[in-house]
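Residue numbers begin at 1 in each chain, while the letters A, B, ... track the order of the sequences.
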Amino acid sequence: MNFDFTRKLMEWNSAENNRSMPWKGEKDPYKIWLSEIILQQTRVEQGLAYYNKFVETFPTVKKLAKAPEEKVFKLWEGLGYYSRCKNLIATAKIIDGDYKGRFPSTYEHILALKGIGPYTAAAIASFAFNLPHAVVDGNVLRVLSRYFGMSTPVDSTHGKKLYNQLADSLLDKESPGIYNQAIMDFGAVVCKPQNPLCSICPQKSDCRAFQHAWVNDLPVKEKVLKKKTRYMYYFVISVDGKTFVKKREAKDIWQNLYEFVLHEHDEPIDWTKKNIKEAIKSFIDTPFQLQGISTIVKQQLTHQLIIGQLIKITVQTSIDIPGYELLTEKDIKKLAFPKFINTLMQQEVTLF
DNA sequence: AATGCGGGGCC
DNA sequence: GGCCCAGCATT
C-alpha cells in the first residue's frame, strides 16, 4: 500500500476539498444508485438537474418501479445513453419485487443488477454500506496513471486489471466511502484532464508524471472511435390533428425513444417538390398537402454525425402507415424524443 | 477483444 | 474538430 498517496489524498480532502453535491453524504442507497446511474459518462453539472427531477418525482424505489415507463423516459429525455434509463426501470422493479424494496447490501448482489458494472457497484457499496471496494472511473484512471507514470493504456484489458489492483491497494479501508469520493473529487478539481493544477497539487513531489513532464501525455488510450455520418429526414405526417409516430426498437441510437416517419439515406438529399412526392409515395398513396420543409440541422454525437431536415405534411383522407401509430399532440407531448428531433421541431418550415 | 451507445462543455 | 465525462452491455 502506497501510504503516502492515500494519506495526502485524505488530508487534501479534509483541508481543501470544497466540492459539494447534493448526494454527497447521502446514505439512502436508492438515491446513491440514482445519482450514479445518471452520472455514468456524464458530467456532474449536466446530471444535476436530472437527479433533482428524479428524486422529486420518484422519492422512493417503489414509486419508480410503479411509474409508467414512458413517464420515466420523458424525465430522462435529453440526457443520452438511453439504455441507462431502461436498466434503471428494470432494476427498480427487481428491488421493489425480489428485494421487497430493500436495496441489496453486498457488492456481488449490487453488481448483479442491470446497468451496474464494477464502478457503480463499488460506488454504491462504499457510499451506502461502507464496504471496502475502490472505485475506478475516468478520474481515478487519470490520477493513477499520472501519479505512477504508467503508460499502460487504461482501456486495454491488461490496463483495467492493473489499475483496478492498484486502486484496491491504495484504498483507505477504514473509510472507503470518503476515500472514493475524495479521489474522484481530486481528479475532477486538481488532476483535471486539461490544464491540471499541478502547481498547487499536494502530490506533485511524488507524482511521476509531474517530475518527468508527462502530465499532458497521460493517461494513454489505445482505442480510436470510428465516426460516421447519417442523413435522417423526418416526415411529420398529420391527419385530422393527429400525427404518425413510432418507438425506435432497433439496436441503434435512441432505442426506446420516439420518432416521426423516417427516411434515412447514406447521402444528403436535395429536396425538391418532386423528390418529396416520390418519398411520400413510399409511405402513402393518397393526395397530400406539403406544409413546408425546415432548414438543415446537424447533431454531433460521440460516434455519429446526424444531418437532416423535417418535412411537414397533412393528408385529408384516413390512412394507415404500417409500423406507425397516430397520436394526438397531447399524447405526443408525453413521449421522449431524441434531441435531434426536438431541435428539428423548433425550426420554422417554409415552402420552396 | 472490440464495438456501440448521447449530449454537453472545454480547449 | 477533438477530447472527455462518477461506464455498461453486447457480440
In short, side-chain hydrogen bond (donor to acceptor under 3.5 Å, both in side chains) pairs touching residues 195-213 of chain A with sequence neighbours left out are A/Lys8-A/Asp206
Contacts satisfying side-chain hydrogen bond (donor to acceptor under 3.5 Å, both in side chains) that involve residues 101-118 of chain A (not counting sequence neighbours) are A/Thr106-A/His109
The correct set of residues in residues 224-235 of chain A placing a heavy atom under 4.0 Å from DNA chain B is none
What's A/Thr120 touching, base or sugar-phosphate or nothing? Going by heavy atoms closer than 4.0 Å. sugar-phosphate
For A/Gln194 and C/dC4, is the shortest distance between a side-chain N/O and OP1 or OP2 below 4.0 Å? no
The remaining residues in the hydrophobic cluster of A/Val224, counting side-chain heavy-atom contacts under 4.5 Å among Ile, Leu, Val, Met, Phe, Trp and Tyr, are none
Per the under-4.0 Å heavy-atom filter, residues of residues 251-265 of chain A near DNA chain B come out as A/Asp252, A/Ile253, A/Trp254
Residues at least two apart in sequence or cross-chain that pass ring-ring contact (aromatic ring centres under 6.0 Å, His included) with A/Tyr51, listed by chain then number, are A/Trp23
Residues 271-292 of chain A vs ring-ring contact (aromatic ring centres under 6.0 Å, His included), sequence neighbours excluded, gives A/Tyr233-A/Trp271, A/Phe235-A/Trp271, A/Phe235-A/Phe283, A/His263-A/Phe283
Note: contacts of residues 20-44 of chain A with DNA chain B (heavy atom, under 4.0 Å) are A/Gln41, A/Thr42, A/Arg43
**Report entry** Base B/dG8 paired with A/Gln46 side chain (donor-acceptor, <3.5 Å)
**Finding:** no
Residues pairing under side-chain hydrogen bond (donor to acceptor under 3.5 Å, both in side chains) where one sits in residues 116-131 of chain A, two or more places apart or in two chains, turn out to be A/Glu36-A/Tyr119, A/Gln40-A/Thr120, A/Ser126-A/Asn180
So, with a heavy-atom separation below 4.0 Å from DNA chain B, the residues of residues 69-91 of chain A are A/Gly78, A/Leu79, A/Gly80, A/Tyr81, A/Tyr82, A/Arg84
Applying ring-ring contact (aromatic ring centres under 6.0 Å, His included) to A/Phe337 and not counting sequence neighbours gives A/Phe260
Residues pairing under ring-ring contact (aromatic ring centres under 6.0 Å, His included) where one sits in residues 169-194 of chain A, two or more places apart or in two chains, turn out to be A/Trp12-A/Phe186
